[in-house]
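All ligand and atom numbering here is 1-based and tracks the order in the structure. In this text, all values refer to a predicted model and were calculated from it rather than measured experimentally.
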Amino acid sequence: MSPANVGYQAPSVSVSSALPKRKVDSSVLIVPVVNGQDDGAAPTVVANPFLDAEAVGEIEVALEALGAKGGAESLTRVVVPSLPVDSVLAVGLGKNSGEWSADVIRRAAGAAARSLNGAETVLTTLSEIDLTAAVEGLILGAYRFTDFRSDKTAPKDPGLRAITALSTSAKKDDAQRAADIATAVATARDLVNTPPSHLFPDEFAKRAKALGEAAELKVEILDEKALEKAGYGGIVGVGKGSSRPPRLVRLTHKGAKRNGKRVALVGKGITFDTGGISIKPAANMHHMTSDMGGAAAVIATVVLAAKQKLPIDVIATVPMAENMPSATAQRPGDVLTQYGGITVEVLNTDAEGRLVLADAIVRAGEDEPDYLIETSTLTGAQTVALGARTPGVMGSDEFRDRVAALSQQVGENGWPMPLPEELKDDLKSTVADLANVSGSRYAGMLVAGTYLREFVPEGVQWAHIDIAAPAYNTGGPWGYTPKGGTGVPTRTMFAVLEDISANG
Ligand code: BES
Ligand code: ZN
Ligand code: MN
């Protein structure tokens, strides 16, 4: 694997201010449409400078003849011989509001891309409304994961071959930035979608290293011996039930000192979570291949920060372990010492995420960051509280709200949650400084956040993003989100890094 060829390869993207003069081979033009004026009226094409009245008329007549609808993400393919493409794919934006949020454009582009067979060159006028959202949506929607298909005679589905974003105002740079962001998300998805048979701590660390080196990051890996020696009791304790020992990966991007800010990223990298001796039920245990979704997003984000040359320091600290039951596994009731010295009674070996994260958070704190963003598939309680698509954001009040607001802007929709003081009492242990679980069924997501708060250094603004369900789509595909790994919250974290780069 050469460094230039590490990770997901995005389709090529270009920007053009006019439709091509000659017919493009195997091409499709994606055109946004909206609901007609009256109930039941045929959809109308969103006005754009690329299609003249005649072409618009032809598309609208065809849509009417087919009884097409303009509702959000509805799709209709028509043939328009006067245009230099094989076909036109009309995609609905819903109501004719004249203004659409970035995520409406992103989802429409994603739905359109999902319906293509991958062999086509895509042109679109969605980019005249919002170029970044259109390009992101197309690449995210076109994402496929075929690494483990055995049919080698079928060509590997490339998703999309090439994208031409039609725009009268955008620059090539905007398109490239959007493609880079979508590529980072795809990298995170690839890591999540790689099964636990093939992605275990050592292999995960090697992949992180390859991605880091290709982006010219400083890479540091601690193996099980180094972890034991340095006192990473949480990572060692969780990892010791597995024949595949744990790792701690550190990836550093040094920014040009514009505002001198430093951001620590921490992500949970449990390559498979059986629960350990406190074993999980068999039903849906296979979903626990996604228990390294936080780590995947953090790795993708620091690589993206380097690619975009953000003028801040970004240091990712990523604990990796496999949580297995065995004769060498930790037991419920064991006491371990987290990195830094706090002792913990492990009452439930399935609450393993907070054990590896506490070590990583303390290590990240030694770099004296201004901000710390940590993200994890941490609790089933996240899903009970917020559902499958809404990450829970906890942390210091101001930064938590900033992270949640940016998450909503990028369409990942993180929502702020409190950490009530009284929950700390639930983590009292009779033998150690802390217990790793509370005795109560209430507020499981907030209890986990409360546990992590104990390890965040004084004065560091921090946010904890629980992505238990949002990291992994177990339902059908929707918008630009496929089944399986979603890459959430890569775009949230990158938006926060860009915001800190611009505003401190
Ligand atoms: N990895 C799980 C959380 C999870 C559950 C992620 C469902 C994705 C989907 C985590 O390690 C876990 O097992 N948490 C326990 C905590 C409990 C023992 C306090 C849980 O949520 O049940
Ligand atoms: Zn877990
Ligand atoms: Mn668990």
* Compute the angle centred on the Zn ion (ligand 2) spanning OE2 of E352 and OD2 of D273, and express it rounded to 10 degrees. => 90°
* Indicate if the distance from the Zn ion (ligand 2) to the nearest N, O or S atom of D350 falls below 2.8 Å. => no
* Asked: Thinking salt bridges, do K268 and E352 make one under a 4.0 Å N-O criterion?
  -> yes
* Asked: Do you see a donor-acceptor pair shorter than 3.5 Å between the side chains of S326 and T328?
  -> yes
* Does the side chain of Q461 come under 3.5 Å of the side chain of S396 through a donor N or O and an acceptor N or O? -> no
* To do: Answer with side chain, backbone, both or neither: which part of I270 has a heavy atom less than 4.0 angstrom from an atom of ligand 1?
  => neither
* Passes side chain to side chain donor-acceptor pair (under 3.5 Å), N413 versus Q408? Steps please. -> CA-CA 4 Å; N413 298 333; Q408 285 159 46; over 6 Å; no
* For G353, is at least one N or O under 3.5 Å away from an N or O on ligand 1? -> no
* Asked: T377 heavy atoms, cut-off 4.0 Å: which ligand 1 atoms fall inside?
  -> 1 (N), 2 (C), 3 (C), 6 (C)
* Asked: Any ion pair linking E224 and K240 (charged N to carboxylate O, less than 4.0 Å)?
  -> no
* Starting from the Mn ion (ligand 3), look over the N/O/S atoms of D273 and name the nearest one. => OD2
* **Per-atom contacts, ligand 1 versus D291 - under 4.0 Å to a heavy atom** => 1 (N)
* Asked: Closest non-hydrogen protein atom to atom 14 (N) of ligand 1, residue and atom name please, with distance?
  -> L378 O, 3.5 Å
* **Polar atom proximity, S290 to ligand 1 (N or O, under 3.5 Å)** => no
* To do: Please determine if R247 forms a cation-pi arrangement with F204, meaning its NZ or CZ atom is less than 6.0 Å from the six-membered ring centre and no more than 45° off the ring axis.
  => no
* Looking at the Zn ion (ligand 2), is one of the N, O or S atoms of K268 less than 2.8 Å from it? -> yes
* Asked: Hey, which atoms in ligand 1 end up nearer than 4.0 Å to a heavy atom of V437?
  -> 19 (C)
* To do: Using a strict 4.0 Å cut-off to heavy atoms of E352, name the atoms of ligand 1 that fall inside it.
  => 11 (O)
* Angle in degrees, rounded to 10°, that OE1 of E352 and OD1 of D350 form at the Mn ion (ligand 3) -> 120°
* Counting each atom of ligand 1 from 1 as listed, which ones have a heavy atom of K268 under 4.0 Å away? -> 1 (N), 10 (C), 11 (O)
* Which of the ligand 1 atoms, numbered from 1, are nearer than 4.0 Å to a heavy atom of R354 -> 16 (C), 19 (C)
* Derivation of the side chain to side chain donor-acceptor pair (under 3.5 Å) call for Y472 and D291 -> CA-CA 9 Å; Y472 195 68; D291 214 18; over 6 Å; no
* Asked: Judged by non-hydrogen atoms, does Q382 sit under 4.0 Å from ligand 1?
  -> no
* To do: For atom 2 (C) of ligand 1, find the nearest protein heavy atom and state the residue, atom name and distance (0.1 Å precision).
  => D273 OD2, 3.6 Å
* Asked: Hey, mind stepping through T317 and R250 against side chain to side chain donor-acceptor pair (under 3.5 Å) and telling me if it holds?
  -> CA-CA 5 Å; T317 303; R250 307 237 315 145; 2.9 Å; yes
* Structure fact -> heavy-atom search around atom 18 (C) of ligand 1 in the protein gives N348 ND2, 3.5 Å
* To do: Dump the intermediate steps for side chain to side chain donor-acceptor pair (under 3.5 Å) on Y451 and D426, then the final yes or no.
  => CA-CA 10 Å; Y451 184 91; D426 295 348; over 6 Å; no
* Asked: Considering only N, O or S atoms, which atom of D291 is nearest to the Zn ion (ligand 2)?
  -> OD2
* K225 bridged to E228 by N-O distance under 4.0 Å -> no
* To do: Under 4.0 Å, heavy atoms only, figure out whether ligand 1 is touched by the backbone of D350, its side chain, both or neither.
  => both
* **Full working for salt bridge (charged side-chain N to carboxylate O under 4.0 Å, His left out) between E136 and R107** => CA-CA 9 Å; E136 274 183 28; R107 288 186 201 188; over 6 Å; no
* Structure fact -> The answer for which part of M288 has a heavy atom under 4.0 Å from ligand 1 is side chain
* Asked: Would K280 and D350 count as a salt bridge (charged side-chain N to carboxylate O under 4.0 Å, His left out) if you check the C-alpha gap in whole Å, the side-chain angles of each, and the deciding distance to 0.1 Å?
  -> CA-CA 8 Å; K280 289 181 180 297; D350 197 14; 2.9 Å; yes
* Looking only at heavy atoms, which two atoms of P201 and P246 are closest? And how far apart? -> CB-CA, 4.0 Å
* So which heavy atom in the protein is nearest atom 20 (C) of ligand 1, and how far is it from that ligand atom? -> G380 N, 3.9 Å
